[in-house]
Structure formats: C-alpha cells, structure tokens
Asks: 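Pasting a structure here, questions to come.
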2 protein chains.
Amino acid sequence: MDKNELRNKLISTATQLFAERGLNGVGIRELSKAAGVSISMISYYFGGKEGLYSSVLQDQFSSFEHIEEIHKADSEALDKIEAYIRWIIVRHRNNPYLLRFYTSELTNPTQYFSLIVQPAIGKVIQLLVQIIEDGIARKKFRKDLNPVDTVLAMAGMVNYYFLSTLATQELINHSPDRDEELIRHYMDIFTKGILS
Amino acid sequence: MDKNELRNKLISTATQLFAERGLNGVGIRELSKAAGVSISMISYYFGGKEGLYSSVLQDQFSSFEHIEEIHKADSEALDKIEAYIRWIIVRHRNNPYLLRFYTSELTNPTQYFSLIVQPAIGKVIQLLVQIIEDGIARKKFRKDLNPVDTVLAMAGMVNYYFLSTLATQELINHSPDRDEELIRHYMDIFTKGILS
DNA sequence: ACCCCTAAATCGAACGTTCGTTATAATTCT
DNA sequence: AGAATTATAACGAACGTTCGATTTAGGGGT
C-alpha cells in the first residue's frame, strides 16, 4: 500500500463531497466513512476539517498553473483566445467539481480565498488581458476595447455555459460531443458579433 | 408595529446571513439574535430554518417575474437585448445578494431549486431565446446562431462581471458610475465582436 | 535468523460544544 | 381578555477534536 494512499483517498472523497454540499454541508464522520478511513485521520493528516478543505482547494486550483501553455510561441492573438476557450472547456470536462469551488469562493470566500483562489484567477486574467492588449496593439482588435472588460466577457461566456447546466438541461445538449461546435460558435460571436 | 414587521425582519436578516455564509453556515441562534427576535419565531412563522430559507429564496427570485417589462411593445430585438442587460445590472445593484443564491443553487441545488430557481431562470432564458429567434427571423442577426447558446453567451458576459468582482477588484472599477459605459461596451462586443 | 525497540500509522471511543426544535411561562401589545 | 412575542430551558442529534490503545514497518543488537 502506498504511503499516501490514505491521504489521497481523503482528498478525492472530500473533493466530491465538499463540491456537492459545501464545507459546512458535510460532516467528518460521513466523510471518513465514505473514504473508508478512520475519522481521526483527518486531523492527523490535515490538522482538521478546514485543513482538508484547504488542501482540496489547493489541489483544485493547481490546474491554473499550467495556463502559460496557451502561449504557443508564434501564434496570433485570436489563436490564443481559442486556446484559452479550449483550455477552460477541457478543465471543466476533466474536473466537474472545480466550478463549484470557483463560484463558492467567489461569492462566499473562506479564509483561503486570498491565498489560493485569487492568485490563480488573477494569473489567468492578467495573461488574457495581455493577449487582448497585444491584439489591439497589432490592430487586429478594435482599439476602443477595454481589455479587462473584454476578458471578463469572454471568460463569462464560457464559464456561464457550464454554470447554467442545471437550468438549461432541457434546452440544449451539454455533452462533450458538442464542444467543438460550441468553441466555433463562441469564437464567432466573440469576434464577429451577432449582427448579420 | 406592523404585523409583518417581525417576519420581514427575519427574512431580511436571513437573506444577508445565508448569502454571506450559506444555509449551513448560519445557526438560528445567531440569526435570531441578529434580527433582534426571539429564536422561537423562526419555527413559529416559517416552520423551521429550512422554511425560512425557502422564503428567502422565493423573495429573491420574485424579481424575475417582472422580466416581461423588457418587451416594450414595438421595440427592436437589439433594444430588447439592451433592456435585458440593463435589467440584469439593475437587479444586481438593487440586490447584491441575489448572485450568491443564484450560483449556490445552480452548483449546489437544495430541494427548492426545481420549485423556485429553475422556473425563474427558465422563464428568462425562454424569453431571451424568443428575442434572438425573432432577430434572426427578421434578418437582423446572423442566421447561423444557435439561439440558446447565444443567450447564454450574453447572460454569461453580464453575470460574470458581477461574479468576478472579488477577483478583479484591483483591475477595474466596479462602481455603478461605470454601468452605462459597461452596457455600451458589452452591447458593442456582443453585436459587433472584437475584431477591428 | 531472531528479538527488541521505536516511530509512524491507524483505529474507535469519548469529550465538550453547538445544532435545530420544542415546550413552557412570563411579558407586552391591541 | 386574547393574541403576539419574549426569554429560557430542555431535548436528542450531530458537530469537530482529542486521546489512549493497537497495529504496522523497519533497524540495530545479538
């Protein structure tokens, strides 16, 4: 048995339960039972329930660190934007729980927001702002764009698609099969607008 | 003293506390003390803590019922879209707590989601889809738009601006003074895209 | 090879606190 | 008088943490 198997089992179980019902919605008895581990292991490994939550958060937002990969050396601003949209979608597909922690921390920040969440989000936004500014400087994009607003518009479009899943299940097909179509569609709207 | 003053005081206090810390993050002792009301009144008026939460939810999403006002008889699709964006912004300005319940119920639905939240959101989306479809039919909008995706893109842009407030405080000014600029800017991006 | 010792890992029980609810009696208002 | 509201206490259940005991693994002495 791996030395860290128990630790990892706790984190993966906690990720699912905290995501589904929130930090205060899950007790450590239920959590440890679901993980098949003794209740005391939570304090032993993480210093307590809050420590476990912070480890979960750290794990969830660690995916943000690889955002630089969007910068494919010699690609154009538009390609980078598409790469970003693709990156968000892949992120949500690979980790359906991230959005819960994301919105939960943005609307009800815990003490770990400024240490874990804010830096991760800030890094991405900064990078995207640079891409937009670059596009404006090269006269690819309109020069009257506010870079930050523009970035939020783009990020909002994509993230909201996943956020609204529960409310739009009967209106559209959310299956990954449609992701490519979605990317093309959102790129189209974002670059050319909806006017004919 | 109004007969309903106590009831309203409980709802407004609960709205703030539930929004800030979630249903499970607030105890009824703290809640009743903050409202300046006896603890037994929660069960007396609402049948318990959950009942109070459901009343808060109902109150929060009641604002969605006046969405029809966007339909100014003889206005164009574009004007209706701007009216919607304006309506969202006013809604968030008037009630800074709504977004918390909105995202919380979308990512961690309680038993009241399908009764209160889903119908409210569904109604708005349906209306917006009609607007887009109408615009397409009148050849104002591109005919290759997927109406639902388009609506989500628009709603996402605006809502995400408010959702991301905590993470973008140091990047942009979120004061209402800038709302008109924001509306013009988002209308611009949404209709004409970012390309120059 | 065997035993001993230690440190880490793991366990389940118990602790004191807080939870939401309910009952009761006193008080205030109409 | 009667209704509304109060404060308080009690209830069992659940909470997060802690503690002593047990198991496990490995190294050193023989």
Side-chain angles (χ1 to χ4, degrees), chain A residues 1-59 101 104-105 108-113 115-116, chain B residues 1-59 101 104-105 108-113 115-116:
Chain A
M1 197 199 288
D2 231 3
K3 182 173 178 292
N4 284 337
E5 184 179 335
L6 192 148
R7 210 189 121 96
N8 293 337
K9 184 75 189 149
L10 269 175
I11 289 208
S12 69
T13 307
T15 299
Q16 176 177 357
L17 290 179
F18 284 155
E20 283 169 358
R21 305 215 297 277
L23 173 55
N24 294 312
V26 188
I28 59 171
R29 264 164 259 271
E30 177 188 7
L31 205 161
S32 57
K33 179 166 286 184
V37 151
S38 170
I39 191 176
S40 29
M41 291 298 94
I42 293 173
S43 283
Y44 184 74
Y45 276 111
F46 303 96
K49 187 191 179 187
E50 289 239 320
L52 173 54
Y53 178 77
S54 108
S55 291
V56 167
L57 223 51
Q58 205 117 42
D59 180 55
F101 295 103
S104 164
E105 284 290 330
N108 301 94
T110 66
Q111 57 174 136
Y112 307 107
F113 174 80
L115 261 75
I116 301 175
Chain B
M1 197 200 286
D2 231 4
K3 181 173 177 297
N4 283 337
E5 185 178 336
L6 192 148
R7 212 189 120 96
N8 293 337
K9 184 75 189 151
L10 268 175
I11 289 205
S12 69
T13 306
T15 299
Q16 176 178 357
L17 290 180
F18 285 156
E20 282 169 2
R21 308 214 296 276
L23 173 56
N24 294 310
V26 189
I28 59 171
R29 283 171 180 81
E30 176 190 7
L31 205 160
S32 56
K33 180 165 285 185
V37 152
S38 173
I39 190 177
S40 14
M41 291 298 96
I42 293 175
S43 281
Y44 184 73
Y45 276 111
F46 302 97
K49 188 192 181 186
E50 289 238 322
L52 174 54
Y53 177 78
S54 107
S55 291
V56 166
L57 223 51
Q58 203 118 42
D59 180 56
F101 295 102
S104 163
E105 284 289 331
N108 302 93
T110 65
Q111 57 174 137
Y112 307 107
F113 174 80
L115 259 74
I116 301 175

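Proteins come first, then strands; the chains are lettered A, B, ... in the order of their sequence lines, and each starts at number 1. From a predicted model like this one, the values you see are computed outputs, not experimental measurements.
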Asks: How would you list all residue pairs meeting salt bridge (Lys or Arg N to Asp or Glu O under 4.0 Å) that involve residues 38-56 of chain A, not counting sequence neighbours?
Replies: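 Sorted result for residues 38-56 of chain A: empty, none.
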Asks: Taking DNA chain D as the partner, which of residues 31-42 of chain A come within under 4.0 angstrom of it by heavy atom?
Replies: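 Correct list: A/Ile39, A/Ser40.
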Asks: Heavy atoms from C-beta onward define the side chain here; which of D/dT5, D/dG16, C/dC19 lies closest to that of B/Leu6?
Replies: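 When the side chain of B/Leu6 is considered, D/dT5 is the closest of D/dT5, D/dG16, C/dC19.
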Asks: What integer distance in Å separates B/Ile28:CD1 from C/dG20:C1'?
Replies: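 Answer to the nearest Å: 5 Å.
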Asks: Could you check how far CD of B/Glu5 sits from P of D/dA4, rounded to whole Å?
Replies: 16 Å
Asks: Heavy-atom contacts under 4.0 Å between residues 9-18 of chain A and DNA chain D, which residues?
Replies: none
Asks: Could you tell me the separation between the CZ atom of B/Arg7 and the C1' atom of D/dT5, rounded to a whole number of Å?
Replies: 16 Å
Asks: Starting at CG of B/Asn24 and ending at P of D/dA14, how long is that distance when rounded to a whole Å?
Replies: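 Result: 14 Å.
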Asks: For the side chain of A/Tyr44, starting at C-beta, report the closest nucleotide among C/dG20, C/dA8, D/dG16.
Replies: C/dA8
Asks: A/Lys49 has an atom NZ; how far is it from atom P of D/dC15, in whole Å?
Replies: 8 Å
Asks: State, yes or no, whether a side-chain contact exists between B/Leu52 and B/Leu31 at a heavy-atom distance under 4.5 Å.
Replies: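 Touching, per the 4.5 Å side-chain cut-off.
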Asks: Which one, D/dG16, C/dG20, D/dT18, comes nearest to the side chain of A/Ser43?
Replies: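 Nearest nucleotide to the side chain: D/dT18.
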Asks: For residues 19-38 of chain B, which residue pairs pass the ring-ring contact (aromatic ring centres under 6.0 Å, His included) check, not counting sequence neighbours?
Replies: none
Asks: Report yes if the side chains of B/Leu57 and B/Phe18 come closer than 4.5 Å at any heavy-atom pair, otherwise no.
Replies: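 No, every pair of side-chain atoms sits at 4.5 Å or beyond.
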Asks: Under the salt bridge (Lys or Arg N to Asp or Glu O under 4.0 Å) rule, collect the residues that match up with A/Glu30, sequence neighbours excluded.
Replies: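 A/Glu30 satisfies salt bridge (Lys or Arg N to Asp or Glu O under 4.0 Å) with A/Arg21 only.
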Asks: Going by side chain to side chain contact (heavy atoms under 4.5 Å, CB included), name the residues that satisfy it together with B/Asn108, two or more places apart in sequence or in a different chain.
Replies: A/Arg100
Asks: For A/Ser38, give me all partners under side chain to side chain contact (heavy atoms under 4.5 Å, CB included), at least two apart in sequence or on another chain.
Replies: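 Side chain to side chain contact (heavy atoms under 4.5 Å, CB included) list for A/Ser38, sorted by chain: A/Ser40, A/Met41.
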Asks: Under the side chain to side chain contact (heavy atoms under 4.5 Å, CB included) test, which residues partner A/Ala35, sequence neighbours left out?
Replies: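 A/Ala35: side chain to side chain contact (heavy atoms under 4.5 Å, CB included) contacts with A/Lys9, A/Leu10, A/Thr13, A/Val37.
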Asks: I'd like to check the ring pair (Phe, Tyr, Trp, His ring centres under 6.0 Å) partners of B/Tyr112; sequence neighbours left out, ordered by chain and number.
Replies: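 Ring pair (Phe, Tyr, Trp, His ring centres under 6.0 Å) check on B/Tyr112 returns nothing, list empty.
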Asks: Rounded to the nearest angstrom, tell me the gap between atom CG in A/Leu23 and atom C1' in D/dG16.
Replies: 11 Å
Asks: Check the distance between D/dC15's C1' and B/Arg29's CZ and give it to me in whole angstrom.
Replies: 13 Å
